[in-house]
Amino acid sequence: MSKTIIIIGAGLAGLSAALQAAENGCNVKLVSSFPSERAQSVMAEGGINAALNTKDENDSPEEHFTDTIKAACGLADPNAVWGMTQAAPELVHWLLKLGVQFNMSGYDDVDLRNFGGQKKKRTAFAQSDTGKQIMTAMIDAVRRKEASGMVERFSHHSFLTLRLCDNICCGCVIRDEYSQETVELPGDAVIVATGGMHGLFGNTTGSLSNTGEVTAELFRLGVPLANGEMIQYHPTTVKCGGKRMLISEAARGEGGRLFAMKDGKQWYFMEEKYPELGNLMPRDITAREIWKVSHESEVFLDMTEISDEIISNKLSGLADDCMTYLHKDIRKEPVSVLPGIHYFMGGILVDEQHRTPIQNLYAAGECCAQYHGANRLGGNSLLGALYGGRVAAKSACEQADVVDLSCATQIDFPPASQISEIKQLNKVMQETMGVVRNENTLLNGIQTVQALTGNLPLLGMAVLKSALARKESRGAHWREDYPKSNDDDYLKTTVARFDGKQIQISFVPVPERR
């Protein structure tokens, strides 16, 4: 009898897990509150990393591994990262066979572009709409599995809580958002692929549907949060409609330059301070430099020197978005930019096989802490979601223990957070978890959030306490009161646990490379 695998979330990680689980002969129940076409993965612009070496730069998966670990400031599991970087070339070729329309160089070589933190061209792309292209192909592939009966869709359904038998997951409870009917969904394993904790802040570059509520409910149930303080600020974003609009790193990869006015002249500060990589330094460094300079002068991204051919063939989506939403022609004028919250390196604690501490419960994609450590390389998010979904599904299909699906304990539904409290939480998180942090603001944030109720404030408290406990600066976590890294005490994963009464913070050594 084949196993039933429930997948929560139908973005890239969820679709990848669904395809893999179906290939392994499992029955798949794919649950999502929104259609896949509206998943955040569609918004990814820049590309997906793989050491294809089509530019004859002697690139290799080993160098991809080294760059990823370096950007992660040592906090990523080296064994997991090694598996991902080794698998990357095959995954891109598999996407080509699925029908992804990557930009090509010559007759049959995938074109590659530069991306931050990498000295070699390693990022495959489909103009500036890579996520949309990949998701289109993945959605079609999963639909074929749906047509064959191997995947069952539960669209417009929201996750409420897990079905648990002691410390074993045996399914979940979902709600039909049309009828408001509550449905108990039994299964042999649950894979969570619900994206980052954007709802904690509210004004990120991410999808408004990625509320973080699922991660918050799992945390309430005792699933640990890892590296919650590691929140990536994308260097170049613009305020747009109450959110932040991303100006893709691809623009800098194709020749876009950051500058501010100094003594009446354009000052290309990244090129002056970091001559080796210039505007393509890792995102944490670039975001901090823009943040510092912006206190004295407005910062601009100048794309006017990029040729019309490159904009038409590689950045057309970005150019259209800037014209539509900002009324800016990037061919003729620079765009004013500031860092904005973009990606959560931290999330649900998983091991190399994407298992959580609850048996038969797995997580993949941005909702879990895997592959990126203290700072994510641009181009590794799509890769991590695609590869992580595969790994989680393989683990679930091969390892999940069959349990008595009728043994679930009484379902406990937490009270929903009030909208007014969510807005207050957003304000506190924005003020305390900025590009640069310090003890006073963190303590003030904790004091305010303690008075709020519901799951999201509880998750926010875990993030704040994680940031307070890490008394050093590393990657995306920058403490002005502790500006240096401290490998002796903090070259470790931050782990937050909730025991039903209080949150405990501990530090766990990063696994050694085998």
Is there a side chain to side chain contact (heavy atoms under 4.5 Å, CB included) between V31 and R153? Walk through the geometry before answering. CA-CA 6 Å; V31 179; R153 280 256 188 185; over 6 Å; no
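- Q447 CD: 12 or fewer foreign heavy atoms inside a 6.0 Å radius.
- For the pair R283 and Y233, the minimum side-chain heavy-atom distance is 4.5 Å or more.
- Residues K492 and V510 form no side-chain contact, since every pair of their non-hydrogen atoms from C-beta on lies 4.5 Å or further apart.
- In summary, the side chains of R175 and H157 do not present any donor paired with an acceptor at a separation below 3.5 Å, with no hydrogens or angles considered.
- Counting only heavy atoms from C-beta outward, the side chains of V183 and V173 never approach each other to under 4.5 Å.
- Checking R38 against S33 by side-chain atom types alone, no donor-acceptor pair falls below 3.5 Å.
- Relative orientation of the Y371 and H354 rings is tilted, given thresholds of 30° and 60° on the angle between their planes.
- No more than 12 heavy atoms of other residues, nucleotides or ligands shown are found within 6.0 angstrom of NZ on K423.
- Looking at F115 and L280, their side chains never come closer than 4.5 Å, going by heavy atoms from C-beta outward.
- Side-chain contact between I348 and L225 is absent, with no heavy atoms from C-beta onward closer than 4.5 Å.
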Run the numbers on F154 and I174 for side chain to side chain contact (heavy atoms under 4.5 Å, CB included), then give the verdict.
-> CA-CA 9 Å; F154 289 79; I174 60 177; 4.0 Å; yes
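- With sequence neighbours excluded, no residue forms a salt bridge (charged side-chain N to carboxylate O under 4.0 Å, His left out) with E213.
- The number of heavy atoms from other shown groups lying within 6.0 Å of CD (E296) does not exceed 12.
- Defined by atom type and a distance below 3.5 Å, a donor-acceptor pair is missing between the side-chain atoms of D499 and Q504.
- Between the side chains of H64 and N380, a donor-acceptor pair is found at a separation under 3.5 Å.
- The closest donor-acceptor contact from the side chain of T123 to the backbone of G379 lies at 3.5 Å or more, if one exists at all.
- Of the N and O atoms on the side chains of T448 and Q424, not one donor lies less than 3.5 Å from an acceptor on the other residue.
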**Message:** Apply side chain to side chain contact (heavy atoms under 4.5 Å, CB included) to residues N360 and D188 and explain how you reach the verdict.
**Reply:** CA-CA 7 Å; N360 295 353; D188 297 295; 5.7 Å; no
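- Judged as a side chain to side chain donor-acceptor pair (under 3.5 Å), and not counting sequence neighbours, the contacts of T205 are H342.
- Annotation: side chain of Q430 is in contact with side chain of N203 (closest heavy-atom distance under 4.5 Å).
- R163 and E184 are joined by a salt bridge, as a carboxylate oxygen and a charged side-chain nitrogen come within less than 4.0 angstrom of each other.
- The side chain to side chain donor-acceptor pair (under 3.5 Å) check on E45 picks up nothing, with sequence neighbours excluded.
- Using cut-offs of 30° and 60° on the angle between ring planes, the pair F344 and F201 is tilted.
- Heavy-atom contacts from other residues, nucleotides or ligands closer than 6.0 Å to OH of Y325 number 12 or fewer.
- Once rounded to the nearest 0.5 Å, the distance linking CG of D284 with NE2 of H234 reads 12.5 Å.
- Each salt bridge (charged side-chain N to carboxylate O under 4.0 Å, His left out) pair with one or both residues in residues 191-203, not counting sequence neighbours, would appear here, but there are none.
- When only modelled atom types and interatomic distance are considered, D176 and H156 share a side-chain donor-acceptor pair under 3.5 Å.
- Remark: R470 is not positioned above the aromatic ring of Y490, lacking an NZ or CZ atom under 6.0 angstrom from the ring centre and at most 45 degrees off the axis.
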Practice item. Determine, stepwise, if the pair E229 / K465 fulfils salt bridge (Lys or Arg N to Asp or Glu O under 4.0 Å). Key: CA-CA 8 Å; E229 72 277 19; K465 288 192 171 184; over 6 Å; no
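- In this structure, a donor-acceptor pair under 3.5 Å is absent between the side chains of Y362 and Q353.
- Remark: the N24 side chain and the Q20 side chain contain an N/O donor-acceptor pair separated by less than 3.5 Å.
- R513 forms a cation-pi arrangement with F65, by the criterion of a distance under 6.0 Å to the ring centre and an angle within 45° of the ring axis.
- No hydrogens or angles considered: nothing links the side chains of Q370 and E352 as a donor-acceptor pair under 3.5 Å.
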Set out, in order, the CA-CA distance, both residues' side-chain angles and the distance that settles side chain to side chain contact (heavy atoms under 4.5 Å, CB included) for D489 and E472, then state yes or no. CA-CA 9 Å; D489 296 326; E472 67 154 0; over 6 Å; no
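- N486 CG to L491 CG: the interatomic distance, rounded to the nearest 0.5 Å, is 9.5 Å.
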*Apply salt bridge (Lys or Arg N to Asp or Glu O under 4.0 Å) to the pair E37 and R143, showing each step before the final yes or no.*
CA-CA 12 Å; E37 288 83 355; R143 281 179 178 152; 2.6 Å; yes
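- Taking R479 as the reference, D481 meet the side chain to side chain donor-acceptor pair (under 3.5 Å) condition, with sequence neighbours excluded.
- When atom types are taken as modelled, the side chain of K243 and the backbone of G206 share a donor-acceptor pair closer than 3.5 angstrom.
- For Q180, the CD atom counts as densely surrounded, since its 6.0 Å shell holds more than 12 non-hydrogen atoms of other residues, nucleotides or ligands.
- Between the side chains of Q359 and N167, no donor-acceptor pair of N or O atoms lies under 3.5 Å.
- Of all heavy-atom pairs spanning G445 and V428, the tightest one is CA-CG1, 3.6 Å.
- No more than 12 heavy atoms of other residues, nucleotides or ligands sit less than 6.0 Å from atom CD of Q418.
- Looking at L19 and M138, their side chains come closer than 4.5 Å, going by heavy atoms from C-beta outward.
- Counting only N and O atoms by type, the side chains of D67 and Q118 include no donor and acceptor under 3.5 Å apart.
- Side chains of N444 and T441: a donor-acceptor N/O pair is absent below 3.5 angstrom, by distance only.
- For T66, the side chain to side chain donor-acceptor pair (under 3.5 Å) test picks out no residue, with sequence neighbours left out.
- The number of heavy-atom neighbours closer than 6.0 Å to NZ of K471, taken from other residues, nucleotides and ligands shown, is above 12.
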